Every structure is written in C-alpha cells, then in structure tokens.
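Here the structure comes first, spelled out in structure tokens, and everything after it is commentary.
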Amino acid sequence: MKEVLEEVEIRRGRARAGGGAKRIEAQHKRGKLTARERVELLLDEGSFEEFDMYVEHRCSEFGMEENKVPGDGVVTGWGTINGRVAYVFAKDFTVFGGSLSEAHADKMIKIQDMALQNRAPIIGLFDAGGARIQEGVAALGGYGEVFLRNVLASGVIPQVSVIMGPCAGGDVYSPAMTDFIFMVRDTSYMFVTGPDVVKTVTKEEVTAEQLGGASVHTTKSSIADGAYDNDVEALLQMRRLMDFLPSSNQSGVPELPTRDPWDRMEPSLDTLIPDNPNKPYDIKELILKVVDEGDFFEIQEAFARNIVVGLARMEGRTIGIVANQPLMLAGVLDSDASRKAARFVRFCDCFNIPLVTFVDVPGFLPGTDQEYGGLIKHGAKLLFAFTEATVPKVTVITRKAYGGAYDVMSSKHIRGDVNYAWPTAEIAVMGAKGAVEILYRAELGDPAKIKKRIDEYQKRFANPFVAAERGYIDEVIMPHGTRKRIARALQMLRNKHVENPWKKHDNLPL
Ligand code: HXC
C-alpha cells in the first residue's frame, strides 16, 4: 500500500514540475508566474481540484515519443472564487510553449463541457503558442472542438480570458470568442501570427509589443477589455470581476451584502453640471457617487473614452452602466463608442444584468472619417442592442440628449422602462446654435437677430419638459436623489418579464 501511495506522489510531483526547473526559472525571470501558481492565486485558498494531470500527448512525429510531460501543457480543474464555483484552465508555457495537442485539447474540452453542463463560469489563463506544430491537423481539430464549445457556451455561462504571455493562433481566437479578455502589460502579446511571420510575409519589422502588446489591444484594436501591471494584480482583479458576474444566464445576478444605504442622498450632484452647457464634467463622478460603495469595474477604460461602460451594484445586486463621457469629445457617439457600448449592452442582456444608462450626448460624430468607417452600421449596433435588450432598463438624462443619439441611448421609445431627466436636461433634435443656423439661414448676417433666435430656441427646447409633457420622460428628478430613484426603479422592475418574438436569432448589423 505504501508503495502505491508513494507512486501517486511521485507521479503528481512529475506533473507539478511542468517543463522543469530551468524553464520555470525562465518563466519567473520574465516576471511571469507558472500556470499552477496562477491558479492558486485566482481561486480561494486550497479550493483547486486538478483534473487530468497525468494526461500525455499521443504524438510520435518529430521524436515526440521520447518527449512527454504529464499534464501536456495545460492545468485544468475547478475551484471557488469567494465561495462560488468556477472552472479554470491555465496554459503552461514551460511545456511545449503551452501549445495545444490533441490530448491537451481533450483536457480543455472536458472542463468546457463541465462548466456548461453545471452552469458555472470558466476562466482561461493563456500563455501559449497555439496549435502544436508537431501534431499538425490533430491540433487544428482540437482547436476546432474548443472553438465549438466557446460558441455553444456563449450567452449561457460567462467565459473570461486572461492573456498572460505571448499568445498566437488558437490561443487568441478562442479568447476572442469569450466575453472578456484581459492582458498583463509588458509580458503578454496577442497576434494571429508573430513578428517573424509578419516580416517574412509583409517585410514589416515590428516587435511583439508593437504588434500585439497590451497597449495596442486596449487602445487601438479594442480586442482587450483591460490590462494590469503584473500577474498578481490581474488575477486579483479577476476575482473582483467574478463577484459581479452571474454564474449563468439563468442564475440571476449575485447579491452581496452592502452597508451603503439604498436611499443615500448625494447633495454634491446638484452642482455637478457646469452653468455653461459647453463645459465638460466627469461622468465617472456621477457613477461613483450613485453605485454601492463607489465600486465600479470599468470595461475597456482606455478605448473610446467618450463612452464609459462597466459593472457596479445597487443594493448589492449587479448592474451594468453605460454612460456618455462629456470629458472626451463632449461625449459624442462615434463608431468605436457605439461598438464598445453595444457589445457591453448585449453582454448584460445575455446574463440578465439590469442596465442603468446616463445620457449626456450631443449626437453622432459628423465627418468623412466616421462615415467611411461605417458609422451608420456601428451606430446601429448600439441602437439594436439597447432595443432588443429585455433586462430592466433605467435611464437618466443629465444634460444633452440630442438627435438620433437621444433615441439610441435607451430612450422610452426603444423600451426604456424608467426614464428620468435632471432639471438640466436638454432633449432636442440638436443644440440651439446648430438649429438656428439651419432654420434662420437668411438671418445669419445679423448677429443680434441670431442671438435672439438662439435664446428663444434655448428657452423653448433646452429643457426636459417638452419630452416630459409627452411622457417620454417619466419624471424630472433632483440630482441629489438619483441613487434613491434608480434603486427604487430597479426594485420595481425586479420581476420584469418581456419576451421578444420567437426567432432563430436576430441579424445584428455586424
Ligand atoms: C510547438 C511550440 C509552439 C507551437 C512555441 N513552442 N510555440 N511548440 N508548437 N505552436 C515551443 C518552442 O519551440 C519553444 O520550445 C518553447 O515553446 C518556447 O517558445 P519560444 O519561441 O522560445 O518563446 P518566445 O520567443 O517567447 O515566443 C513565443 C511565441 C513563439 C511568440 C508563441 O514561440 C511562436 O511564434 N510560436 C508559434 C506560434 C504559431 O504560429 N502557432 C501556430 C498557430 S496556428 P523549447 O523546447 O525551445 O523551449 C493555430 C491554429 C488554430 O493555432 C486555428 C486558428 C483559427
């Protein structure tokens, strides 16, 4: 018996050694943790249960028969995050660069199937070079099976990817089909093909960082939803994120205890809007002052900063926030902002997370740059997303709600449930100056007349009451009572049930 027990320990030890001391040292030297160290940090202490640590690849090409490492480059299993079940796989870069063999794929697939069947989130920690070159089509087949499961689980359980090393091929395409991608600055990269291949094919010389570093993917491509300075911070933030996420599309949102009174007044909000309507203010100040304990998990903070999206809580229950940001491009909607917000709205709707929308938008951004870039289609994405969403939708217009952007930003007409406006709201087809310049073109040579016209327009339309008179605004609320109003609206909407007409799926303007 003792020998058998020892044998288990020996085998476990071999698997835990991964690619060996030298490669682990190299991993640490690069500032990266090993796969198992990462899993330990991500999950509650002692909760990780590993599966399949003895699995080895079945490849006999290129001398691979002699080169086997138990576990085969991926650590898989499940554990808990603040007590809630989560499935996890972590690519082990020290074993064949974390690349995916048929056997490695089987391990991932097992975990993906378990997560879906048992309706719990799955988190992938990526540090890997894609399909294992020595296995050829068997590895490609393996990736196909992983992709299939990514798609089937989409909208059923949350799938989160953390990029923690150089990732290529399938190790970027699989994350691309999950709900969120986070990266680690300076040590992680994402590209379909690496710098060497780029140089061969296009003669372009780029570094891994220039091609697919965290700054590229958080600011330019918008592939990544956020980036952190190191592995530890990234993993701790993933624990924080998981506290916001429902376990599945049927579980309902998590409810955390909070000491923040739901009816807390916030008098400072009464002076948030500057007297000059063209002066910016920070919409994040409003968000932080309204939500529970100022706890806001922002998504895509560095991309399309003219719109702010992220997760927060009201009365301990998760909500999604969408807010125009007057500090950036006056909060205008452009293609990037529309795409960013549309994806977030659809994420929230999939998982029954109520949406709270703060509106201060001067319209869509004019110009050839935007029009040639498909603003019509991208803007339509956001309109489509808000319209199809059946979750509780609460909207607060703080200042401008002009033109098509008024309709798009969760207005009453596209099934906003409770639509509030602050007394400073201006709901109109466009701003006073633009409107007068079109309506009174003939008088443009007479500044005194134009000023009078602008004042008239301002008085008549730059307020919330024209809309409120029609019932497009349910109530004009005082800024200091915004938290209480939103909390009450969400309480009232808790059992909201709306179904869209049956369809196979819709045809979102992609
Ligand atoms: C087998 C691989 C590998 C792979 C890396 N290694 N990628 N082994 N298959 N795909 C091995 C290396 O041989 C090396 O082994 C070890 O992992 C570390 O790799 P290095 O190159 O030394 O590390 P680094 O310089 O940091 O570069 C990392 C890398 C690079 C950027 C990931 O290795 C790379 O470009 N790999 C190939 C990426 C790729 O083209 N993959 C196929 C994609 S196709 P030793 O023994 O020396 O330590 C694909 C299909 C899916 O995935 C379908 C998509 C739709």
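What you see is a predicted model, and the numbers here were worked out from it, not measured in a lab.
- Between Leu333 and Asn324, some side-chain heavy-atom pair lies under the 4.5 Å cut-off.
- For the pairing with Gln27, the side-chain hydrogen bond (donor to acceptor under 3.5 Å, both in side chains) check across Thr94, Thr34, Asp127 returns one residue only, Asp127.
- Residues Tyr420 and Val476 are not in side-chain contact: their nearest non-hydrogen atoms beyond the backbone lie 4.5 Å or more apart.
- Under the 3.5 Å distance criterion, the side-chain polar atoms of Thr218 are matched with a main-chain donor or acceptor of Ala214.
- For the side-chain contact (heavy atoms from CB on, under 4.5 Å) criterion with Ile157, the lone passing option out of Ser247, Ser248, Ser251, Pro121 is Ser248.
- Between Tyr406 and Tyr402, the ring center distance fails the sub-6.0 Å criterion.
- Contact check for Lys91 versus Leu125: no side-chain heavy atoms found under the 4.5 Å cut-off.
- Of the options Asn500, Thr390, Thr387, a side-chain hydrogen bond (donor to acceptor under 3.5 Å, both in side chains) to Arg415 is made by Asn500 and by none of the others.
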Tabulate below the donor-acceptor pairs under 3.5 Å that side-chain atoms of residues 231-239 make, not counting sequence neighbours, or state none.
{"unit_1": "Asp231", "atom_1": "OD2", "unit_2": "Leu33", "atom_2": "N", "d": "2.9"}
{"unit_1": "Asp231", "atom_1": "OD2", "unit_2": "Arg38", "atom_2": "NE", "d": "2.8"}
{"unit_1": "Asp231", "atom_1": "OD2", "unit_2": "Arg38", "atom_2": "NH2", "d": "3.0"}
{"unit_1": "Glu233", "atom_1": "OE1", "unit_2": "Asp229", "atom_2": "N", "d": "3.3"}
{"unit_1": "Gln237", "atom_1": "OE1", "unit_2": "Arg240", "atom_2": "NH1", "d": "2.9"}
{"unit_1": "Arg239", "atom_1": "NH1", "unit_2": "Leu42", "atom_2": "O", "d": "3.0"}
{"unit_1": "Arg239", "atom_1": "NH1", "unit_2": "Asp44", "atom_2": "OD1", "d": "3.1"}
{"unit_1": "Arg239", "atom_1": "NH2", "unit_2": "Asp44", "atom_2": "OD1", "d": "2.9"}
{"unit_1": "Arg239", "atom_1": "NH2", "unit_2": "Asn82", "atom_2": "OD1", "d": "3.0"}

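- A distance of 5.5 Å separates CZ of Arg399 from CD1 of Ile273, quoted to the nearest 0.5 Å.
- Side-chain contact between Lys412 and Ile473 is absent, with no heavy-atom pair separated by less than 4.5 Å.
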Inset, instruction - Before giving the answer on side-chain contact (heavy atoms from CB on, under 4.5 Å), spell out for Gln325 and Ile307 the whole-Å C-alpha distance, their side-chain angles and the decisive distance to 0.1 Å. - result: CA-CA 5 Å; Gln325 172 58 290; Ile307 204 154; over 6 Å; no
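- Among Val162, Val160, Ile181, Asn150, the one residue that satisfies the side-chain contact (heavy atoms from CB on, under 4.5 Å) test with Pro175 is Ile181.
- Sorted by first and then second residue, the salt bridge (charged side-chain N to carboxylate O under 4.0 Å, His left out) pairs involving residues 338-350 (not counting sequence neighbours) are Asp336-Arg339, Arg346-Glu388, Arg346-Asp506.
- Arg313 has no carboxylate O lying under 4.0 Å from a charged side-chain N of Glu315, or vice versa, which leaves the two without a salt bridge.
- Judged as a side chain to side chain donor-acceptor pair (under 3.5 Å), and not counting sequence neighbours, the contacts of Asp292 are Arg483.
- Defined by atom type and a distance below 3.5 Å, a donor-acceptor pair is present between the side-chain atoms of Asn306 and Asp334.
- No side-chain donor from either of Ser222 and Gln300 sits under 3.5 Å from a side-chain acceptor of the other.
- Taken from CG in Asp295 to CG in Asp243, the straight-line distance is 9.0 Å, to the nearest 0.5 Å.
- Thr357 and Lys393 share no donor-acceptor pair across their side chains, judged by distance under 3.5 Å alone.
- The shortest distance between side-chain heavy atoms of Lys32 and Val184 does not fall below 4.5 Å.
- Taking the charged nitrogens against the carboxylate oxygens, Glu50 and Arg12 have no contact shorter than 4.0 Å, which rules out a salt bridge.
- Between Phe182 and Phe180, the ring planes are tilted. Angles from 30° to 60° get that label.
- Taking the six-membered ring where tryptophan is involved, the planes of Tyr189 and Phe191 are essentially parallel, since the angle between them stays under 30° and well short of 60°.
- In this structure, His413 has its ring center no closer than 6.0 Å to that of Phe386.
- Using a 4.5 Å heavy-atom cutoff, the side chains of Thr395 and Met409 are not in contact.
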Inset, instruction - Under the side-chain contact (heavy atoms from CB on, under 4.5 Å) rule, what do Leu383 and Ile414 come out as? Steps first, then yes or no, please. - result: CA-CA 8 Å; Leu383 176 56; Ile414 57 170; 4.2 Å; yes
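- Counting only distance, with no hydrogens or angles, the side chain of His378 and the backbone of Gly373 share a donor-acceptor pair below 3.5 Å.
- In this structure, Pro479 and Pro423 have side chains that are in contact, with non-hydrogen atoms separated by less than 4.5 Å.
- Between Trp78 and Tyr87, the ring-plane angle classifies as tilted under the 30° and 60° cut-offs.
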